[in-house]
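First up is the structure itself, then whatever we jot down about it.
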Amino acid sequence: MAVGSVATATAASLLLLFLLLPVGELVVQGGAGGLERLAGDAELQQALALTAWTASLATLIGVALGTPLAWILSRRKFPGRTIVTAALDLPLVIPHPVAGIALLLVLGRESAIGGMLAQGGYGIVSSPLGIILAMLFVSAPLYVSGAREAMARVDRRYESVAQTLGDTPWQAFRRVTLPLASRGLLASAVVMWARAVSEFGAIVILVHHPRTVSVLSYDRFTTYGLTEVIPVAAALVILALLPLVALRALRRGEGDRT
Amino acid sequence: MIEVTGLRAAAGEFRLRDVTFTVPTGAWGVVIGPAGSGKTTLLEAIAGVVTPLGGRVAIDARDVTWAPVNGRAVGLVYQHAYLFPHLPVRENVSYGAGNPAVVEEVIDALAIRSLGERHVASLSGGERQLVALARALAQEPRVLLLDEPFSALDPKRRGVTRRVVRDWHRTHGTTVLQVTHDFAEAGLLGDVTVLLDGGTVLQAGSSAEVFRRPATPYVAEFLGAENVLAGAVVGEAAVEGVPRAVEFHSGALSIVAISDTPTGPCHAVIRGEEVILSRDPQASSARNHFAGTVTDVALYGAYARVTVDVQGVPLVAMLTLPSLRDLALEPGGEVHASFKAFAVHLC
């Protein structure tokens, strides 16, 4: 084997080991205990349920609002498109506690929007709504970015042909582009959901209670130490594997039809 | 009818500039031009897929320049078919079709019934083109825009499909505009020919006019004219009783042509099939007779391209293979070439 190949294999193996070892160790040490804990720990069950439904709702909102935006970015040329695209990536690059602070400025009780929502009975801080908005803020750009790429991969001439066959632009999108990009859109939604589930920084600034799994893990670590948090963290890792497996399956089929 | 007037459009960096031509109702128009000349962009601008920058597009006397794509009654078939990959063949064909009976008629006419439930990913390139044609015909468009629609078909299927589409065009009165690289196809199908290069129309008109009377030497060469001779009209030809007879000189060659071209530099275009070769000098009605030497014989399918050196000027004649055999022409052999004054086009 050439020296270059050995070096490449070694470098790849080192990184893989670094990435997998901590997660593997966590599952080995706490996997069985985590599942047992899940059966008898009401607080953990509530945190998991809260995390799951808030992340799901944030993803639904992200898909509903992000799909038209992704279509515009993939199909339309307009002044400032590059700036809009760059701005969409901003939540991904700023530290997430900073994202939480930014959200607090706009949605906190002292802000105009937050004040109005609180008066209407929709408190942001310390409510599931705050968790949903924090998740949406940090994870929706992932969906929009993925959806934009999925739609860009569908040749626009399919839409053109559909329109010459009598479709309006909306019908052509619904009947042709959407089905052809569906795997990519679904994969992007899974990525968004997974990112929302794992969010900690923005949530803990905006909403400490009720607690999502990530916040609960942190609290137990700081309150009871490492031994107590390992089963909780292991349960979270095992659950997080589900969307990742789904994502791989979707990506295997992606591109078959375009 | 398709009327395009002063059309300007952009596709990326490419520009269509001041494109003007008309394809009458029920006629078959052909757009020919080199790769990258804007042929597909032109079809897309007529279909409304590409938004024009200016000018006018009218379909059956209705201004559709700014009309939505689905409001033009225009069918568009791309060279690469663009069948919807998530739908089986039959659903592709019936997509947009208003009359199920027409769908069945088209499927039978193009002999694609056996493909019905197949997934488009399993189709060959030729089969895809047939399905794309069927899909466009099934919606019974007033105007059909075809972008090299027969290019992936084998020769036998191509001939059959041309006839089917030609019959459909006649019986339904559909106006057709087809992009092709194939001059034979253009001559065979086209009532109107539009020659496009670099986003501009070099010449447009009836196919007979464009092929017989190219506007410039470039057009003549592009359209495959075998003899494009640079020279000059030197004056009236000494042909008694023939009005408009002029004498054209190219090198040592003196040619009689019938033309209104004034004295001065120009080009003479003589198509190879107009040049008659014989072993011996023969009395005929042709005004141009030359003795020469065969310099090259090249075979092109059922035809032979024979180059004859006539007083230092190469003259090309197109012959059938039986004629070539009868004359037993070989490089170095003596031969006589003749063509009528009417066969010479000056431009």
Side-chain angles (χ1 to χ4, degrees), chain A residues 63 67-68 70-79 81-82 85 146-189 249-258, chain B residues 10-12 40-41 43-51 59 64 67-88 91-99 103 119-122 128 131-147:
Chain A
V63 169
T67 306
W71 183 81
I72 290 168
L73 291 172
S74 72
R75 286 289 188 264
R76 295 276 183 258
K77 285 183 179 172
F78 55 88
R81 187 172 70 156
T82 311
T85 308
R148 179 171 58 87
E149 284 175 22
M151 287 191 216
R153 280 197 295 273
V154 178
D155 195 313
R156 65 182 62 206
R157 281 178 170 161
Y158 287 115
E159 284 178 30
S160 302
V161 169
Q163 289 181 50
T164 66
L165 296 168
D167 277 358
T168 62
W170 162 246
Q171 287 171 325
F173 171 76
R174 186 175 55 77
R175 297 176 71 190
V176 176
T177 309
L178 209 52
L180 293 181
S182 60
R183 282 178 184 274
L185 298 183
L186 201 54
S188 304
L250 285 169
R251 287 202 166 146
R252 257 205 310 276
E254 200 180 350
D256 286 356
R257 303 197 304 185
T258 54
Chain B
T40 301
T41 305
L43 294 194
E44 289 183 323
I46 294 168
V49 171
V50 168
T51 307
I59 304 286
V64 296
V69 179
N70 63 335
R72 299 185 178 212
V74 166
L76 174 62
V77 179
Y78 282 109
Q79 182 181 8
H80 298 297
Y82 288 99
L83 300 180
F84 304 129
H86 58 301
L87 301 176
E91 286 183 42
N92 263 278
V93 177
S94 60
Y95 196 110
N99 186 347
V103 172
H119 198 277
V120 296
S122 69
R128 283 167 187 254
V131 176
L133 274 168
R135 182 176 61 179
L137 292 175
Q139 58 154 344
E140 300 178 274
R142 295 287 309 136
V143 165
L144 186 59
L145 305 172
L146 305 173
D147 187 358

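Below, chain A is the first sequence line, B the second, and so on; all start at residue 1.
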With side chains defined as the heavy atoms from C-beta onward, is the minimum distance between V120(B) and L87(B) less than 4.5 Å?
no
With a 4.5 angstrom heavy-atom cut-off, is it the side chain or the backbone of R175(A) that approaches chain B, or both, or neither?
both
Assign the ring pair Y82(B) / Y158(A) to parallel, tilted or perpendicular, where the plane angle (0 to 90°) is split at 30° and 60°.
perpendicular
Under 3.5 Å donor-acceptor, R128(B) side chain and L83(B) backbone:
no
Taking the six-membered ring of F173(A) (Phe, Tyr or Trp), confirm whether the NZ or CZ of R75(A) is under 6.0 Å from its centre and within 45° of its axis.
no
For the interface with chain A, which of H80(B), R72(B), E44(B) has the highest count of heavy-atom pairs at distances below 4.5 Å?
E44(B)
Which bit of L145(B) comes within less than 4.5 Å of chain A, counting heavy atoms only: side chain, backbone, both or neither?
neither
Checking Y78(B) against chain A: side chain, backbone, both or neither under 4.5 Å from a heavy atom?
side chain
